[in-house]
Every structure is written in structure tokens, then in C-alpha cells.
Chemist: 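Dropping the structure in here first, questions after.
Quick note: numbers below take in every heavy atom, side chains included, and nothing from hydrogens, waters or symmetry partners. Each chain gets a letter, A, B and so on, in the order the sequences are listed, and its residues count up from 1.
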2 protein chains.
Amino acid sequence: MDSVRLSQQMKFIAEIDKLKKVVRESWLVDATRKETDAEHSWHIMVMALLLSEYSNQANIDVFKVMKMLLIHDVVEIDAGDTFIYDKEHVKDQKDRERKAAHRIFGLLPPDQRSEFTALWEEYEALKTPEANYARAIDSMQPLLLAYLNGGCSWRIHSIIKSQVIATKKHMGNGSSSLWEYTQDLLDDAVKKGILKE
Amino acid sequence: MDSVRLSQQMKFIAEIDKLKKVVRESWLVDATRKETDAEHSWHIMVMALLLSEYSNQANIDVFKVMKMLLIHDVVEIDAGDTFIYDKEHVKDQKDRERKAAHRIFGLLPPDQRSEFTALWEEYEALKTPEANYARAIDSMQPLLLAYLNGGCSWRIHSIIKSQVIATKKHMGNGSSSLWEYTQDLLDDAVKKGILKE
């Protein structure tokens with residue numbers, strides 16, 4: 001056993017415990033509190049596994065999708081969660097996250113640093129079917145939570161339906177059918193009075 | 001798109017949000033609070049991916065390991081978290097968890113219900129290299145957290161080293177080298193005065 005290698009791996013494992021401290025703008029289904037990035041990452045991995053049949057491209061590599069989703073938010077340990085409707089904070093998001101990826105994945109042994117960095121970059125670039133499907137799932141989950149919890153984050157931040165459509169329509173690049181389903185949810189949310197038209 | 005199928009999948013996805021409400025006896029590295037089952041599930045999946053080279057059997061199916069770890073704690077939504085040192089609560093754990101698996105995986109369409117139930121049963125049976133490795137990782141993570149946070153749960157529950165060894169030695173079935181590393185951590189924890197001999 002290479003003890004330097006294992007100690008690098010363990011240092012990374014200890015460091016990423018901090019993802020449990022990054023609180024998102026999404027509220028739980030029961031609306032009692034916001035969820036953490038670690039909880040979100042777990043939830044979207046279950047979704048990605050269950051819903052892969054709706055990916056636009058058949059036979060995508062679901063294992064790769066899950067690995068992307070597993071580590072894609074780790075950069076928020078340094079960069080913080082960026083609320084998608086916060087235009088000011090979104091401006092330098094890429095730059096903050098790139099620096100974070102360099103520091104945090106840099107804790108790993110070289111081969112795993114390269115592997116994790118490549119997964120993160122593929123996800124960010126949105127050029128492969130796996131990245132587009134992963135992104136669709138990542139984007140759908142907070143909408144689903146908002147729909148189920150009575151629109152907590154929409155109400156708190158005065159978000160209206162056209163803003164949701166504008167920031168989430170890219171979902172169609174990964175899954176037309178999940179985007180269609182999501183639009184039906186939004187229409188229903190308007191009907192229920194939990195989202196403004 | 002089969003709308004009955006999708007609505008069953010979405011019902012399951014909404015139901016498992018409750019895993020974010022199941023609080024474990026493990027404290028975060030910074031000792032500020034206990035972690036949730038959803039956070040734990042995410043953390044052990046990162047560990048399983050990073051540390052697979054230490055599995056006793058070479059070339060295990062890491063994707064299967066991750067799927068097992070992704071869903072293995074979902075039963076705790078109904079059955080609750082069972083603290084491994086709580087002998088009274090451990091007694092009927094299997095029975096409580098089996099009922100929970102039946103109800104919760106039963107929300108899914110038949111093919112996915114079978115797949116998730118099979119993954120959960122394989123994990124529980126501990127007869128395959130993947131299950132034994134997954135279990136070793138699942139068992140190692142709370143020890144690692146306790147070591148890093150100054151022994152919170154050991155102190156609160158007056159756990160001594162021989163109890164830890166007795167309940168965790170099965171780790172060696174999945175990974176001799178990680179079990180060896182863990183024993184070194186425990187020796188060091190005793191030296192540091194955060195675990196009683």
C-alpha cells in the first residue's frame with residue numbers, strides 16, 4: 001500500500017465533508033429547511049439513475065453521469081452556492097469555480113486529480129450527451145422540490161414563471177421529455193397559485 | 001412517454017427526500033452537528049469511487065457498488081437509523097428494514113422495483129465482492145469522521161476501542177488494507193486521548 005497516495009485520498013475525503021455545510025436555496029419537500037449540497041448531490045444521482053430512459057440520446061453512459069453528478073458541486077466548498085436567478089453572483093461564477101476545482105481536486109493523487117478534473121470539465125462544457133443529461137437532472141431537481149413544497153424559493157425570491165423557463169429551458173438539450181414534464185409542472189404550479197405567471 | 005410509469009418514478013423521487021431528515025449518530029468533521037443519511041450516502045459514494053483499488057478483489061464492478069450505496073439507506077426513512085452500538089435497537093433492525101424496502105421500493109415501476117430490491121438484498125447478504133467492499137466503505141466513514149472530529153460519538157456514547165474493533169472488523173472482508181489503515185487510526189485515536197483503550 002502506497003501510504004502517500006492513501007493519505008492524499010484521505011485528505012480529499014476529509015476536505016469534501018465541507019459540502020455538507022454548503023446550504024442551497026432549495027427547500028426540502030416538507031419545507032422545514034433548505035437542503036445542503038451533499039444532500040442535493042445524492043438526490044440527483046438517484047434521479048439520474050432512475051430517469052436515464054428519458055435522455056435524448058439512447059444508451060448513454062449512466063455510470064459516467066453519476067460520477068459527474070457525484071463531484072460536480074464539490075467546487076462550491078470554496079465558490080459557494082450560486083443561486084441561478086442572482087445575476088450579479090452568476091457573473092464570476094465560472095472563475096470562482098475553476099479556482100476551487102484546481103485547489104480541491106489538487107489534493108488527490110495525480111491520476112485521480114486528472115480523472116475528477118476531466119469529469120468536472122466535461123460536465124461544465126455541456127458538449128456530450130452525458131453532460132447534457134446530467135445538467136437536465138441537476139436543473140430539474142430544485143424545480144421539483146419547489147413544486148412539492150409549495151413554491152418556497154419562488155415566493156421568497158419573487159421568481160415568476162418566465163424566469164424559470166428562461167433559466168431552465170436548456171433542460172431540453174438533455175431530455176426533451178423531462179423538460180416537457182417540467183413545463184407541465186410549472187403550468188400546474190401557476191394554477192395552484194404557488195408560482196406567478 | 002408512459003405517464004403512469006413517470007408518475008411512479010416521480011413519487012419515489014419525492015418520497016426519498018425524507019432521507020434528508022434521517023439524522024445519524026455521526027458528527028461532521030467540524031463537530032458542529034450530526035450528518036443526515038443523504039449526506040452520508042453521498043460521502044461514501046465518493047469514497048467508494050476513490051478507494052476501489054483497495055478492494056480485496058481486483059476489478060470489482062464499481063458502478064454496482066455505487067448503486068448499492070446510493071440506495072442502501074433509503075429503508076431508514078421508515079426504519080430509522082440504527083446506531084451500531086445500540087444492541088437493543090439492532091435486534092429487530094433486519095425486520096424493520098425489510099418492511100421498509102417493500103413499501104418504498106414498491107413505489108417504483110415493476111422493473112425498477114426489482115432492480116433496486118435486488119441491489120439492496122445483495123448489499124444486505126454480503127456474499128459478493130461488491131457488497132463486501134461497499135459495506136467496508138459504509139463502515140469506515142463514520143470511524144473516519146469520529147477520528148477527525150475528536151471522537152464526538154465515541155465520547156457521547158462511551159464507546160471504547162474494543163467495541164469499535166468488534167463491530168467493524170468485518171471491514172477486512174471487503175478491504176484488508178482499509179481495515180489495516182482503520183486500525184492504525186484507532187491506535188492513534190487512543191494515543192490522542194479521543195478513544196478509550
Chemist: For each of A:E115, A:M10, A:E180, A:M45, tally heavy-atom pairs with chain B at distances under 4.5 Å, and name the one with the top tally.
Modeler: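 Answer, by heavy-atom pair count under 4.5 Å with chain B: A:M10.
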
Chemist: Which atom names give the shortest non-hydrogen contact between B:W42 and A:S41, and what distance separates them?
Modeler: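 Scanning both residues completely, I find the closest heavy atoms to be CD1-CB, 3.5 Å.
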
Chemist: Quick check on the interface: out of A:I71, A:D37, A:L19, who has the most heavy-atom pairs with chain B under 4.5 Å?
Modeler: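 Looking at each of A:I71, A:D37, A:L19 in turn, A:L19 comes out on top.
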
Chemist: Which residue out of A:K18, A:K21, A:K67, A:Q141 racks up the most heavy-atom pairs below 4.5 Å with chain B?
Modeler: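 Option with the greatest count: A:K21.
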
Chemist: For the atom pair CG (B:D2) and OG (A:S177), what is the distance rounded to the nearest 0.5 Å?
Modeler: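 Between B:D2 CG and A:S177 OG, I get 11.5 Å after rounding to 0.5 Å.
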
Chemist: Would you say CG of B:D111 has more than 12 non-hydrogen atoms from neighbouring residues, nucleotides or ligands within 6.0 angstrom?
Modeler: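 Counting neighbours around CG of B:D111, more than 12 heavy atoms of other residues, nucleotides or ligands fall under 6.0 Å, so yes.
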
Chemist: Find out whether A:Q112 and B:E53 are in side-chain contact, i.e. whether some heavy atom of one side chain is under 4.5 Å from a heavy atom of the other.
Modeler: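 A side-chain contact exists here, since the closest heavy-atom pair is under 4.5 Å.
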
Chemist: Taking A:I194 as the starting point, is it possible to reach A:W27 by hopping between hydrophobic residues whose side chains are less than 4.5 Å apart?
Modeler: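 Shared cluster, no.
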
Chemist: Would you indicate whether B:K161, at its atom NZ, is surrounded by more than 12 heavy atoms from other residues, nucleotides or ligands within a distance under 6.0 Å?
Modeler: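 Buried by this count: over 12 neighbours within 6.0 Å.
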
Chemist: For atom NZ of A:K196, decide whether the heavy atoms of other residues, nucleotides or ligands shown that lie under 6.0 angstrom number more than 12.
Modeler: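 At most 12 heavy atoms, drawn from other residues, nucleotides or ligands, come within 6.0 Å of this atom.
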
Chemist: Hey, which of A:D17, A:D30, A:I16 has the most heavy atom pairs under 4.5 Å with chain B?
Modeler: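 Ranked by heavy-atom pairs under 4.5 Å with chain B, first place is A:D17.
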
Chemist: Out of B:V62, B:L108, B:L49, B:L148, return the one with the most heavy atom pairs under 4.5 angstrom to chain A.
Modeler: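 Max contact count across the listed options: B:L49.
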
Chemist: Measure A:L145 against the heavy atoms of chain B and call it side chain, backbone, both or neither at under 4.5 Å.
Modeler: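 For A:L145, the contact with chain B is made by the side chain alone.
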
Chemist: With chain A as the partner, which of B:L70, B:L144, B:V29, B:V74 has the greatest number of non-hydrogen pairs under 4.5 Å?
Modeler: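 Result: the option with the highest number of such pairs is B:L70.
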
Chemist: Let's test your reading of the structure: which of A:H40, A:H43, A:M66 forms the most heavy-atom pairs below 4.5 Å with chain B?
Modeler: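 Sorted descending by pairs with chain B, the first entry is A:H43.
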
Chemist: Grab the two heavy atoms, one from B:Q9 and one from A:L50, that are nearest each other, plus how far apart they are.
Modeler: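 Heavy atoms of B:Q9 and A:L50 come nearest at NE2-O, 3.4 Å.
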
Chemist: Is it the case that over 12 heavy atoms from other parts of the model lie below 6.0 angstrom from the NE2 atom of A:H102?
Modeler: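 No - once you tally the heavy atoms of other residues, nucleotides and ligands closer than 6.0 Å, there are 12 at most.
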
Chemist: Flag yes if more than 12 heavy atoms outside B:R98 fall under 6.0 Å of its CZ atom; otherwise flag no.
Modeler: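 12 or below, so no.
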
Chemist: Would you check if A:L51 and B:I13 make a side-chain contact, meaning some heavy-atom pair closer than 4.5 Å?
Modeler: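 They are in side-chain contact.
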
Chemist: Would you indicate whether the side-chain heavy atoms of B:L6 and A:L178 approach each other to under 4.5 Å?
Modeler: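 Touching, per the 4.5 Å side-chain cut-off.
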
Chemist: Considering only heavy atoms and a distance below 4.5 Å, find which of A:M47, A:E39, A:R33 pairs most often with chain B.
Modeler: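 Of the options given, most contacts go to A:E39.
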
Chemist: May I ask you to name which of B:F63, B:Y181, B:Y54, B:F116 has the most heavy-atom pairs under 4.5 Å with chain A?
Modeler: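 Among the listed options, the one with the most contacts to chain A is B:F63.
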
Chemist: Can you tell me how far CG of B:L28 sits from OG1 of A:T36, rounded to the nearest 0.5 angstrom?
Modeler: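 Separation between the atoms: 9.0 Å.
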
Chemist: Is it true that, when you exclude B:H157 itself, more than 12 heavy atoms of the residues, nucleotides or ligands shown sit nearer than 6.0 Å to its NE2?
Modeler: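 Result for NE2/B:H157: enclosed.
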
Chemist: Using the rule that Ile, Leu, Val, Met, Phe, Trp and Tyr join whenever any side-chain heavy atoms are under 4.5 Å apart, tell me whether A:I165 and A:I160 fall into a single cluster.
Modeler: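 No: no chain of side-chain contacts under 4.5 Å links A:I165 to A:I160.
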
Chemist: Regarding B:K20 and A:E35, does a basic nitrogen lie under 4.0 Å from an acidic carboxylate oxygen?
Modeler: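 Yes, charged N to carboxylate O under 4.0 Å.
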
